[in-house]
Amino acid sequence: QVQLVESGGGSVQAGGSLRLSCAASPVSYGCMAWFRQAPGKEREGVATIASDGRATYSDFVEGRFTISQDNAKNTLYLQMNGLTPEDTAMYLCAASIWRTCSGFSVKSYNSWGQGTQVTVSS
């Protein structure tokens, strides 16, 4: 399956911003998504984007995050603004063989990256 490598995580103070990247190789033609997982918690979806650019977000995003993709570079992005300590988690990107997105079921995604850590301090 497609190889996914995340980058851009780090430690920021509350109210700060981060931009995460996910490089896909060789290419990804289907739905892509960002998930996150905090210690002791279940993996939860953050945002999805279809190959045509249509995006969906989980309710907790509340307009703070933006998912996008650069087709020429075959790279997925997640711009995160207004970060809070509740956003602290390992952020993972995922890819599906299906062109359209169908929510945040982990069964819909066949490829996963190793994750990049986001830590938000108060």
Side-chain angles (χ1 to χ4, degrees):
Q1 301 299 326
V2 61
Q3 181 181 357
L4 305 173
V5 180
E6 303 95 333
S7 61
S11 181
V12 299
Q13 294 184 356
S17 299
L18 284 173
R19 190 191 193 199
L20 308 183
S21 299
C22 174
S25 63
V27 292
S28 179
Y29 297 108
C31 172
M32 299 191 73
W34 287 99
F35 286 75
R36 70 183 187 183
Q37 187 166 22
K41 303 294 184 180
E42 289 290 315
R43 186 171 298 179
E44 62 178 349
V46 178
T48 71
I49 186 167
S51 59
D52 63 3
R54 296 183 180 182
T56 62
Y57 299 91
S58 291
D59 290 341
F60 65 77
V61 169
E62 299 177 336
R64 300 175 298 131
F65 299 173
T66 301
I67 188 172
S68 62
Q69 59 189 357
D70 185 329
N71 292 328
K73 297 182 178 180
N74 203 31
T75 301
L76 178 73
Y77 301 98
L78 183 68
Q79 178 66 48
M80 303 187 294
N81 302 320
L83 289 165
T84 72
E86 289 70 35
D87 295 315
T88 295
M90 182 73 70
Y91 283 72
L92 307 157
C93 70
S96 172
I97 61 174
W98 305 110
R99 182 173 57 83
T100 57
C101 302
S102 58
F104 293 114
S105 173
V106 296
K107 298 180 180 179
S108 299
Y109 302 92
N110 56 287
S111 298
W112 295 84
Q114 82 286 353
T116 184
Q117 179 67 38
V118 171
T119 302
V120 185
S121 60
S122 60

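Index from 1, following the sequence. Only heavy atoms go into these numbers, but all of them, side chains included; no hydrogens, no water, no symmetry mates.
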- State yes or no: do Val5 and Leu78 share one hydrophobic cluster built from I, L, V, M, F, W and Y residues joined by side-chain heavy-atom distances below 4.5 Å, directly or via other members? no
- Task: Please name all residues satisfying salt bridge (charged side-chain N to carboxylate O under 4.0 Å, His left out) with Arg64, sequence neighbours left out, ordered by chain then number.
- Result: Asp87
- Item | Short side-chain to backbone donor-acceptor contact, Thr119 and Thr88, under 3.5 Å | no
- Task: Show your reasoning for whether side-chain contact (heavy atoms from CB on, under 4.5 Å) applies to Val118 and Leu20.
- Result: CA-CA 9 Å; Val118 171; Leu20 308 183; 4.1 Å; yes
- Message: ring pair (Phe, Tyr, Trp, His ring centres under 6.0 Å), that's the test. Do Trp112 and Phe35 meet it? Break it down for me.
- Response: CA-CA 10 Å; Trp112 295 84; Phe35 286 75; 4.9 Å; yes
- What residues, two or more places apart in sequence or in another chain, satisfy side-chain hydrogen bond (donor to acceptor under 3.5 Å, both in side chains) together with Ser17? Asn81
- Message: Just to verify, what does Thr56 make a side-chain hydrogen bond (donor to acceptor under 3.5 Å, both in side chains) with, not counting sequence neighbours?
- Response: Thr48
- Item | Residues in side-chain hydrogen bond (donor to acceptor under 3.5 Å, both in side chains) contact with Ser11, at least two apart in sequence or another chain | none
- Give a yes or no on whether Met32 and Tyr77 share a hydrophobic cluster (residues Ile, Leu, Val, Met, Phe, Trp, Tyr; joining criterion: side-chain heavy atoms under 4.5 Å apart). no
- Spell out, as yes or no, whether a donor-acceptor pair under 3.5 Å connects the side chain of Asp70 to the backbone of Thr75. no
- Message: Quick check: is Tyr109 connected to Ile49 through a chain of hydrophobic side chains (ILVMFWY, heavy atoms under 4.5 Å apart)?
- Response: no
- Provide the closest heavy-atom pair for Met80 versus Tyr91 in the form atom of the first, atom of the second, distance. SD-CE2, 3.8 Å
- Residue pair Ser111 / Leu4: nearest heavy atoms and the distance that separates them: O-CD1, 3.6 Å
- Item | Transitive ILVMFWY side-chain link Leu18 to Ile67, under 4.5 Å | yes
- Evaluate the side-chain contact (heavy atoms from CB on, under 4.5 Å) criterion for residues Ser58 and Phe65: first the C-alpha distance (whole Å), next the side-chain angles of each, then the deciding distance (0.1 Å), finally the verdict. CA-CA 10 Å; Ser58 291; Phe65 299 173; over 6 Å; no
- Message: According to side-chain hydrogen bond (donor to acceptor under 3.5 Å, both in side chains), who are the partners of Gln13, at least two apart in sequence or on a separate chain?
- Response: none
Please tabulate, for the side chains in residues 92-101, all donor-acceptor contacts under 3.5 angstrom to protein atoms that are two or more places apart in sequence or on a different chain.
unit_1, atom_1, unit_2, atom_2, d
Ser96, OG, Trp98, N, 3.0
Ser96, OG, Ser108, O, 2.9

- Message: Please tell me whether Val46 and Leu76 are part of a single hydrophobic cluster in this structure, the criterion being side-chain heavy atoms less than 4.5 Å apart.
- Response: yes
- Task: Quick one: pull up CD in Glu6 and CD in Gln117 and give me the separation to the nearest 0.5 Å.
- Result: 11.5 Å
- So Glu44 and Phe60, side-chain contact (heavy atoms from CB on, under 4.5 Å) or not? Walk me through it. CA-CA 11 Å; Glu44 62 178 349; Phe60 65 77; 3.7 Å; yes
- Query: Going from CD on Gln69 to SG on Cys22, what distance comes out if it is rounded to the nearest 0.5 angstrom?
  - Reply: 11.0 Å
- Message: For a quick test of reading the model, state the closest non-hydrogen atom pair linking Arg36 to Glu86 and the distance between them.
- Response: NH2-O, 4.0 Å
